Amino acid sequence: MSWSMTDTVTSSSRPDLRANAPLEKIPLESYVPPAKPSLVGLSRAELSERLADIGIAPPQRNMRVQQLWHWIYFRGASSFEEMTSVSKETRAKLAERFTVDRPEVVAEQISSDGTRKWLLRLPSGDRIEKPHEIECVYIPETDRGTLCVSSQVGCTLNCTFCHTGTQRLVRNLTPGEIVGQVMVARDRLNDWADRDSGGRLITNIVMMGMGEPLYNFDAVRDALLIVADNEGIGISRRRITLSTSGVVPNIIRTGEEIGVMLAISLHAVRDELRNELVPLNRKYPIAELLQACRDYPGASNARRITFEYVMLKGVNDSLEDARLLVKLLRGIPAKINLIPFNPWPGTRYECSDWDQIEKFSEYIFNAGYSSPVRTPRGRDILAACGQLKSETEKLSASERQALRAMAMTD
Ligand code: SAH
Ligand code: SF4
C-alpha cells in the first residue's frame, strides 16, 4: 500500500509507548467562549433565553425563535442582516450581542475524486496555547455524500493503532462547534436549502473524526438533535452514524436520547487482544459491549449496527478471528466494515496483506454478512495535506492520521 511520502520516515525511531499509558486522559476544559458568542449550536429553548436577554417580550419569543431557527439552520444565514423577516430593530439588538459565526476555515483542499477537506480553527482557552484545530472531510459518492465530523480535539482514549490517541491535547467540542462543522461544509459546498440544483450534497453524517463522541455525550447529543431536526439542517437520524470505541453506559443513551445509527469499533474478538488495541476494553469488556448492542433501542434488520474491524497484519486477521467474529455477532442485527489499517510513523502495526483481507472478507460474506472493505478516500489530499499549513509549519503526523481516519466512510 502506498501512503503519503512523509509516512515512510522514522518508523522505528519513535516507538509506540502506550502499552503502559493510563486508560483515559483528562480533557482540558480550557474553552473560553468568545466575547460575542455565536447562536450556532443553540436549541430552541436556548435561543428563547437569549431573546429574553435582549428584552424580547414573552408573547413574541416563540415566533422569533421559529424565525431564527429557520434562518440559521434551514437557510444557513451567516449574518443577522440577511434575516429579512426579522424586524430591523431585533436584528440590530441581536447583532450587538451575538453572531452566527461558524468555526474559522483556515484551509480547504479539494481532491480529484471530489473529496474535500477543511482545516478548522477553534478558540483555545489561553493566549499562549496553540489554537485548537480539527479537520472535517466530505466524501461524495454517486448516490450520497458523507461528511465526517469530529467530537473532540484529540481523544481521551489511547487505542494503540490510532494516531489521534497519541495526541496529548484533548478538549471537548461544544455543540456549536459540532453543528458548525456541518454548517461550514454546507457553506463551502453551497448546499443550503435554496441552492439551485435542488438535491442536497451532504446526505449522511458520520461521527468518525477525532475524538470519542460518547465521552462528550451531552454536546454530541445536543448537536445531533439540531442536525437531525427537519425544520432545520434536516439530515435524518437514519443517515447519521455515531462510531464509538465502546463506552457501554452511553450506548443505550445514544439509542434513547439521540436515535442515530450505531457503529462499534470492535477490532478484536478476544478480550486479551482488545485490551491491547482498545484499552477501554479493560473497563467495558466484549461481552458487556455486545450486550449493550443487543439492547440498543431501534436495532433491527433494517437498522443494523455496524462493527468496524481494522485489519492488522498477523494481529487480528486470521480466519480463526473471522470465525470467532461471526460467532460473536450471532443474534445481533449487524454489518461488518473491514478497514485497512492506515499506518503512521512509529506505529508497531502493519496493514494486513490484501489477499488476507479478501479471504477474511470472503469468510464473513459466506456467513451471511455483506463485508465491504472501507477504502481511504481523498488520497491526493492526504498526500498533499502538508500544504494546508504554511511552509514553515508542517502538518503533524497526528493530524495526518486523524485526517485519514476521517477520510474513510461506507
Ligand atoms: N473514537 C471513535 C470514532 C473516531 S475513530 C471510535 O473509535 O470509534 C473512527 C474509526 O477509525 C474507528 O473505527 C477507529 O478504530 C478507526 N481508526 C483509527 N485509527 C485508524 C487507523 N490508523 N487505521 C484504520 N482505522 C483507524
Ligand atoms: Fe480515540 Fe477512536 Fe482513536 Fe480510539 S480509535 S484513540 S477512541 S479516536
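Scope of the values below: all heavy atoms of this structure, side chains included, with no hydrogens, waters or symmetry mates. Every value quoted in this text rests on a predicted model; they were computed, and no experiment measured them. In listed order, ligands and their atoms are each counted from 1. Residue indices begin at 1 and follow the sequence shown.
In the vicinity of G165, heavy-atom distances shorter than 4.0 Å reach the ligand 2 atoms 6 (S). Residue G209 approaches ligand 1 through these ligand atoms, each under 4.0 Å from one of its heavy atoms: 4 (C). Atoms of ligand 1 lying under 4.0 Å from any heavy atom of C162, numbered from 1 in the order shown and given with element: 18 (C), 19 (N). For ligand 2, the atoms closer than 4.0 angstrom to any heavy atom of S245 are 7 (S). Within ligand 1, counting atoms from 1 as listed, the ones closer than 4.0 Å to a heavy atom of T244 are 6 (C), 8 (O). Taking every non-hydrogen atom of E308 and a distance limit under 4.0 Å, the qualifying atoms of ligand 1 come out as 10 (C), 12 (C), 13 (O).
Note on E108 versus K117: no salt bridge recorded, every NZ/NE/NH1/NH2 to OD/OE distance being 4.0 Å or above.
A heavy-atom separation below 4.0 Å is found between G211 and ligand 1. Heavy atoms of P343 come nearer than 4.0 angstrom to ligand 1 in no pair at all. Distances shorter than 4.0 angstrom occur between a heavy atom of P340 and an atom of ligand 1.
Any N or O atom pair closer than 3.5 Å counts here, and F161 shares at least one such pair with ligand 1. At least one N/O-N/O distance between S243 and ligand 1 falls below 3.5 Å. Geometrically, ligand 1 and P213 share no nitrogen or oxygen pair separated by less than 3.5 Å.
Legend: ring pair (Phe, Tyr, Trp, His ring centres under 6.0 Å) pairs involving residues 244-270, not counting sequence neighbours, sorted by first then second residue: F161-H267.
Under 4.0 angstrom from ligand 1, the non-hydrogen atoms of H267 all belong to its side chain. Proximity of N342 to ligand 1, defined as any heavy-atom pair under 4.0 Å, is shared by backbone and side chain alike. At a heavy-atom distance under 4.0 Å, no atom of C155 approaches ligand 1.
Put simply, the side chain of K36 does not reach to within 4.5 Å of the side chain of D101, judged on heavy atoms.
R121 contributes no side-chain N or O that, together with a main-chain N or O of V105, makes up a donor-acceptor pair within less than 3.5 Å. Although no hydrogens or angles enter the test, the distance criterion places no donor-acceptor pair under 3.5 Å between the side chain of S150 and the main chain of Q152. E212 contributes a side-chain N or O that, together with a main-chain N or O of S245, makes up a donor-acceptor pair within less than 3.5 Å.
Ranked by closest heavy atom to atom 8 (S) of ligand 2, the top entry among C155, P279, G246 is C155. Comparing heavy-atom distances from atom 4 (Fe) of ligand 2 across C159, G209, S151 singles out C159 as nearest.
Cation-pi geometry between R75 and W192 is not satisfied (NZ or CZ under 6.0 Å from the ring centre, within 45° of the ring normal).
Between H70 and F74, the ring planes lie parallel to each other; the angle is under 30°, not in the 30° to 60° tilted range.
Under a cut-off of 6.0 angstrom, the local environment of CD in E81 is sparse, with at most 12 non-hydrogen atoms contributed by other residues, nucleotides or ligands. Shown here is E320, whose CD atom has more than 12 heavy atoms of other residues, nucleotides or ligands within 6.0 Å.
Residue C162 counts as close to atom 3 (Fe) of ligand 2, with an N, O or S atom under 2.8 Å.
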### Step-by-step side chain to side chain contact (heavy atoms under 4.5 Å, CB included) determination, V184 to C136
CA-CA 9 Å; V184 160; C136 187; over 6 Å; no

